[in-house]
2 protein chains.
Amino acid sequence: MTKTETRIQKKNQAAILAAGLKVFSQYGFRGSTLDQIAKEAGLSKPNLIYYFASKDLIYKALLDRLLENWMEPIYQIDATGDPVEELIGYARRKLTMSQNYPAESRLFANEIIQGAPQIGDALRGELRRVVKKTASTIDAWVAAGRIQPVNPYHLIFSIWSITQHYADFDVQVKAVMGPEDPFPSAQDYLENMLRRMLTASPGASG
Amino acid sequence: MTKTETRIQKKNQAAILAAGLKVFSQYGFRGSTLDQIAKEAGLSKPNLIYYFASKDLIYKALLDRLLENWMEPIYQIDATGDPVEELIGYARRKLTMSQNYPAESRLFANEIIQGAPQIGDALRGELRRVVKKTASTIDAWVAAGRIQPVNPYHLIFSIWSITQHYADFDVQVKAVMGPEDPFPSAQDYLENMLRRMLTASPGASG
DNA sequence: CGCTAATTTTACCAGCTGGTCAAATCAACG
DNA sequence: CGTTGATTTGACCAGCTGGTAAAATTAGCG
């Protein structure tokens, strides 16, 4: 009764979501058209509307799916693990996501720049909560003297911004660096940065 | 002969550019409409077209003006100055720009995410050149043992991404941190990060 | 095969979009 | 105050936009 999904439905819904991701991530919600998405998906416009009743619904479906994947890496931080390695691991997972899902990263960026009309609630709810919890973990690590004093919120923001930069600003990265793949050296840089930031420094105490 | 700009022209062109900035920075080029911009500028659409013959021209005028301002801070890095202070100063200038010109930052972000159709040439030309020069400066500082070894390209990217994050992802920053102004603590964080990254570490030699 | 429900297509629409054109109004200079 | 050029407006348009309705086609099942 519940499993009414046909083979064709699955195929076409997947094609539409893939097409929507490609188009929305580049042009944003308002800059994208159903014709564009339909063409990209290899369907006629009314046929597309047969699967998703409106442009809005495609967009919402994409963002729902995205939000889960996007927040997952932060949940994997283990408060009982080694602080430096946990944070480096987190940064590595985020960077890998930028590398493997650049369109998703740009979709997210577009939504936020536009003012987060769809996912604002999730940001102020679940995201805020998990970041707060992670910040507590980091603060505890600092209090225990296991890492250098650091503002946990800005530490997290800097991990987000650096890792997403390679997806969102990909064109600029390539313009500046040339065709060379930036990800391997970016990973080294990030790891290095976090290690130096978090590891006890020599003389200075404050 | 050349100075044919009337008082009204100046006023209306400025109003159109301000309106265009506001609208384009939020919705991107394709997601923005002339009606929206005209309304925001307090003009009728034909009147707007009287000053800028097309939507494209408004957008191009904005990006031209933006590019200059955007690159200026990097030109101020002084190869003969103190390395750590020069780089911290650069980061501070970029952060201040994000704080004072968030719409400009988002306009730039939108243009890049969209694939930089307008400013791609400038990125591959002037930007690439000045970054290359700055990278040489940083490499020289490393070679002279004045800062820790670091990949200069990724160092620059990380300064760009972190500073712009507070403008582009402003909604997310506020969602996570609450209404508190993030800029003062962000500046502390950034300075701290750069200082720890660039300053000689204790034991390890490599 | 023959039937039914799922899928696809064709034709269409109202409102928006970027932009035009000519007429009307206004500013400012002599 | 009149005239000339700058500015503004109202009416308009072709093509695009999100979406509809109904007919035509196809898939899958017995």
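Just so it is clear: chains get the letters A, B, ... in the order the sequence lines come, proteins before strands, and each one is counted from 1. On a predicted model such as this, the values are computed, not experimentally measured, just so you know.
Distance, A:Y50 OH to C:dA6 P: 6 Å, rounded to whole Å. Atoms CD (B:Q9) and P (D:dG5) sit 15 Å apart, rounded to a whole Å. In this structure, B:L48 places its CG atom 14 Å from C1' of D:dT9, rounding to the nearest Å. Atom CG of B:D35 is separated from atom P of C:dT17 by 6 Å (rounded to the nearest Å). As a whole-Å value, the separation of B:N47 CG from C:dA27 P is 13 Å. What separates NZ of A:K39 from C1' of C:dT9 is a distance of 18 Å, to the nearest Å. Atom-to-atom, CZ of A:F52 to P of D:dG18 comes out at 16 Å; the value is rounded to the nearest Å. Here D:dA27 presents its P atom at 12 Å from CG of A:N12, a figure rounded to the nearest Å.
Rounding to the nearest 0.5 Å places OG of A:S105 at 10.0 Å from CZ of A:F169. We find the CZ-CD1 distance between A:F108 and A:I119 to be 4.5 Å, quoted to the nearest 0.5 Å.
When heavy atoms are screened at a 4.0 angstrom cut-off, B:Y51 is found touching the sugar-phosphate backbone but no base atom.
Applying the 4.0 Å criterion to OP1 and OP2 of C:dT8, one finds that A:S44 has every side-chain N and O outside that range.
A salt bridge is defined here as a Lys NZ or Arg NE, NH1 or NH2 lying under 4.0 Å from an Asp or Glu carboxylate O, and A:K174 with A:D170 meets this definition.
You'll find the side chain of B:R92 stays beyond 4.5 Å of the side chain of B:L190, heavy atoms only.
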Polar atom pairs (N or O), protein with nucleotides 19-22 of chain D, under 3.5 Å:
unit_1	atom_1	unit_2	atom_2	d
D:dG19	OP2	A:K55	N	2.9

Next on the checklist: Applying side chain to side chain contact (heavy atoms under 4.5 Å, CB included) to A:L155 and A:L194, what does each step give before you reach the verdict?
Outcome noted: CA-CA 9 Å; A:L155 176 65; A:L194 288 173; 3.8 Å; yes
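Applying the ring-ring contact (aromatic ring centres under 6.0 Å, His included) test to every pair with at least one member in residues 35-66 of chain B, sequence neighbours left out, gives these pairs: B:F24-B:Y59, B:F29-B:Y59.
Along DNA chain D, the nucleotide nearest B:R7 and the nucleotide nearest B:R30 are compared for position; the residue whose nucleotide lies closer to the 5' end is B:R7.
Closest to the A:T33 side chain, of the nucleotides C:dA6, D:dA27, D:dG18, is D:dG18.
Remark: the A:S54 side chain and the A:D56 side chain contain no N/O donor-acceptor pair separated by less than 3.5 Å.
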